[in-house]
Amino acid sequence: MNLCGKAVVGDLAILGGAKLMAEPLHVGRPNIGNHKDFLGRVEAILERGWLTNRGQCVQEFEKRVAEYLGVKHCIAMCNGTVALEIAIRAAGLKGEVIVPSFTFVATAHALQWQEITPVFCDIDPVTGTIDPDQIEAMITPRTTGIIGVHLWGRPCATEKIERIAAKHKLEVLYDAAHAFGCSQRGKMVGNFGAAEVLSFHATKFFNTLEGGAVVTNDDGLAEKIRLMKNFGFSGYDNVIYIGTNGKMNEVSAAMGLTNFAHLSEFIEINQRNYHAYRDGLADLHGLAIFPYDESEKSNYQYIAIEADERRTGLSRDALIDILHAENVLARRYFFPGCHRMQPYKALFPHAGLLLPNTERLAARVIMLPTGSAVATGQVEAICDLLKYALGHADEILPRLRHRATVAGIAAKMGV
Ligand SMILES: *Cc1c(COP(=O)(O)O)cnc(C)c1O
């Protein structure tokens, strides 16, 4: 065990002991490439005096992304949320769109923002992605599309989803914010549905500070999206569409080009951490890691574990409190589910009745830190800590009572 001298339960930081980590370990610390390369590119941008509006870096970045994913078009944008909004509008979605509730709230907001109703569909309990067998029951005469989310880099059941969509003449988009560099049956994410949306936010596997993109193999859709992200301008003084400002700036693209050179290194680190977590948690009853299919390409950016309180003896939230006290800032992605956030909670107060798997996972998932800022030794220490906590649950539990817990705070907030 690698517990930095913790010998008795009272040595846990939550019970007054020293912290396991000197510095906080965050989920989603950015993966940052070579600083000098980035600064050199920024210097060149300043020299050129071309800061945005499809400058050299953005053009090169779009080309690199399209090549890497083997997709015809990449339209870089200022962030993933605006990219989603634009993809939704360009694909002609309106009325109702079927989406999972178990996602980052931006997936639902991108619809509701343009007065399209997100209809929340339950997830497959094993993969955590939208359950295709439940989609048909959610279809009404107002339904125009389906947005699948490749949760934590695991691609959706694309074949089944697209078969159902074809049968009912629905459009399919994917929120691929987590899945840059992932594949399904050897095909890179980016090539499924009518279009897929990427996020290059600082916390994602591959970042451009803030940024996003729509990728598609559809020429017409790509053209429409290019216009929409630039106010609908088709040339000087010629506006032919309603548009917005979704442009990526040059400095973001420079960050993307810099990080491109490190993709395989970031994947290697993440995969190594994943193996360390998988091995370190292997014989822990009640804690199961969400596995990656290593016969596919993946970015290994999300270490999600499912805690079954009946077997761990400690609730998911108690485990998070224990980790936080040690400076391991684990998160509850995605808690409590979009349907329990506003405005959806008020609009659909009973949505949860149709979302049992969503509610179960939202109550059980713990997201652990990984990425290039986390060393393998730290992963081992986190696993040992969890092992120790589970092994001493009976002693720890009574001493945790009466403490302000994550669960208690959340209950006060009504979530
Ligand atoms: C991060 C994320 C988004 C939003 O992307 P931004 O670039 O932060 O706007 C959308 N959907 C999912 C699933 C995400 O994780």
Side-chain angles (χ1 to χ4, degrees), residues 26-31 58 61 65 74-89 93 97-114 116 118 120-121 123 127-130 146-156 172-182 189-190 192-193 195-215 225 229 244-249 251-253 255-256 259 290 298-304 331-339 341 344 358 361-362 365 367 370-371:
H26 293 272
V27 171
R29 266 284 289 280
N31 296 322
V58 165
F61 178 71
V65 172
C74 167
I75 303 109
M77 303 226 193
C78 55
N79 61 56
T81 305
V82 166
L84 264 173
E85 287 168 6
I86 292 177
I88 286 164
R89 190 181 279 259
L93 301 188
V97 171
I98 298 169
V99 287
S101 171
F102 198 60
T103 177
F104 182 58
V105 74
T107 320
H109 277 355
L111 291 163
Q112 187 73 26
W113 188 252
Q114 18 199 2
I116 300 165
F120 296 121
C121 185
I123 50 175
T127 64
T129 57
I130 193 166
I146 303 164
I147 301 182
V149 180
H150 303 311
L151 186 79
W152 307 326
R154 280 91 172 163
C156 300
V172 179
L173 299 175
Y174 293 103
D175 179 339
H178 299 173
F180 186 73
C182 303
V189 164
F192 296 97
E196 302 208 51
V197 177
L198 302 166
S199 166
F200 308 126
H201 182 255
T203 56
K204 302 301 200 278
F205 162 65
F206 175 72
N207 87 86
T208 62
L209 311 171
E210 287 264 11
V214 182
V215 287
I225 290 168
K229 72 113 186 7
T244 182
N245 183 354
K247 291 180 282 84
M248 177 180 277
N249 70 67
V251 175
S252 282
M255 184 67 166
N259 287 336
F290 275 81
S298 191
N299 58 39
Y300 300 93
Q301 177 77 355
Y302 296 91
I303 302 295
R331 298 286 304 272
R332 303 185 291 180
Y333 285 173
F334 289 98
F335 183 82
C338 294
H339 69 289
M341 295 177 172
Y344 314 107
T358 300
L361 261 199
V365 166
M367 194 63 68
T370 183

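Each ligand, and each atom within it, is numbered from 1 in the order the structure gives. What's counted below: heavy atoms across the whole structure, side chains too, no hydrogens, waters or symmetry copies.
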Can you tell me if [X] uses its side chain to pair, donor with acceptor, with the backbone of [Y] under 3.5 Å?
| X | Y | value |
| --- | --- | --- |
| T107 | F104 | yes |
| T129 | H150 | no |
| N79 | G212 | no |

So if I only count non-hydrogen atoms and take anything under 4.0 Å from ligand 1, which residues does that give, chain by chain?
N79, G80, T81, T103, F104, A106, T107, D175, A177, H178, S199, H201, K204, G211
Using the side-chain hydrogen bond (donor to acceptor under 3.5 Å, both in side chains) criterion, which residues pair with T244? Sequence neighbours excluded.
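Result, side-chain hydrogen bond (donor to acceptor under 3.5 Å, both in side chains) vs T244: none returned.
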Between T203 and H201, does any side-chain donor sit less than 3.5 Å from a side-chain acceptor?
yes
Between H178 and Y333, do the side chains contain a donor N or O and an acceptor N or O under 3.5 Å apart?
no
